[in-house]
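Written below as structure tokens is the structure these notes are about.
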Amino acid sequence: MLTEFETEVLKMLRQIPVGRVTTYKNLACAVKRPQSARAVGNALNKNPDIPKVPCHRVVASDGYLGGYACGARKKTELLKDEGVLVKNGRIVDFKNIIYNFAD
DNA sequence: CTATTGACGACAT
DNA sequence: CATGTCGCCAATA
């Protein structure tokens, strides 16, 4: 059973368009918890994963991949498959493909 | 209730 | 740009 916080996070996560990524901080902001970037990451870790929620579209605020339950390498592949290029563990043109819920 | 942990972030050096 | 420290939040032991 998921907590409200997790549910909220996952819900927002589903809004991210293909070919775009968001950050833990940004996502935290989206759930009205600007300081809980860490907690957000924790939530994604427990998340049902795959078909339900594209948790691989969430990266660190620096444009780096951050982590992934199935392995950072897998995350890179998934992103690449959606058109998001990654170079040395870092998102290419990060600022250009980052998705802000505030928009 | 307290302590520990973790897919983080900001800042200082 | 690289490394180290501190702060933050939610879940779990």
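Values reported hereafter were calculated over all heavy atoms of this structure, with side chains retained and with hydrogens, waters and symmetry mates removed. Only a predicted model underlies this, so the values are computations on that prediction, with no experimental measurement involved. Residue numbers start from 1 in every chain, and the chains themselves are labelled A, B, ... in the order their sequence lines are given, proteins ahead of strands.
- For the pair A/Leu13 and A/Cys55, the tightest heavy-atom approach, listed with the atom from each and the gap, is CD2-CA, 3.5 Å.
- Counting heavy atoms from C-beta outward, A/Glu6 and A/Asn47 have side chains that stay 4.5 Å or more apart.
- Here B/dA7 presents its P atom at 17 Å from CG of A/Leu13, a figure rounded to the nearest Å.
- When every heavy atom of A/Ile97 is checked against every heavy atom of A/Ile91, the shortest pair comes out as CD1-CG2, 3.2 Å.
- To the nearest angstrom, P of B/dA10 lies 14 Å from OH of A/Tyr24.
- With respect to A/Arg57 and A/Glu82, a salt bridge is recorded, a charged nitrogen being found less than 4.0 Å from a carboxylate O.
- At whole-Å resolution of the value, CG in A/Asn26 and P in B/dA10 are 11 Å apart.
- Of the inter-residue distances, the one linking A/Lys74 atom NZ with A/Leu79 atom CG reads 11.5 Å to the nearest 0.5 angstrom.
- Atom CG of A/Asn42 is separated from atom P of B/dG9 by 13 Å (rounded to the nearest Å).
- Residues of residues 85-92 of chain A that place a heavy atom closer than 4.0 Å to DNA chain B do not occur.
- Distance OG1/A/Thr76 to CG/A/Asp81: 12.0 Å, rounded to 0.5 Å.
- A heavy atom lying under 4.0 Å from DNA chain B marks the following residues of residues 27-40 of chain A, by number: A/Ala37, A/Arg38, A/Ala39.
- The shortest distance between side-chain heavy atoms of A/Leu10 and A/Leu44 falls below 4.5 Å.
- Other residues, nucleotides and ligands contribute over 12 non-hydrogen atoms within 6.0 Å of the CZ atom of A/Phe5.
- Put simply, the side chain of A/Val9 reaches to within 4.5 Å of the side chain of A/Leu27, judged on heavy atoms.
- Within the 4.5 Å cutoff, side-chain heavy atoms of A/Pro17 are placed close to those of A/Tyr99.
- Sequence order on DNA chain B of the closest nucleotides to A/Lys25 and A/Leu65 puts A/Leu65 first from the 5' end.
- The nucleotide range of DNA chain C contacted by chain A, defined by atoms under 4.0 angstrom from heavy atoms of the protein and reported 5' to 3', is C/dG7 to C/dT12.
- At a threshold of 4.5 Å between side-chain heavy atoms, the hydrophobic network of Ile, Leu, Val, Met, Phe, Trp and Tyr places A/Phe101 and A/Val53 in one connected group.
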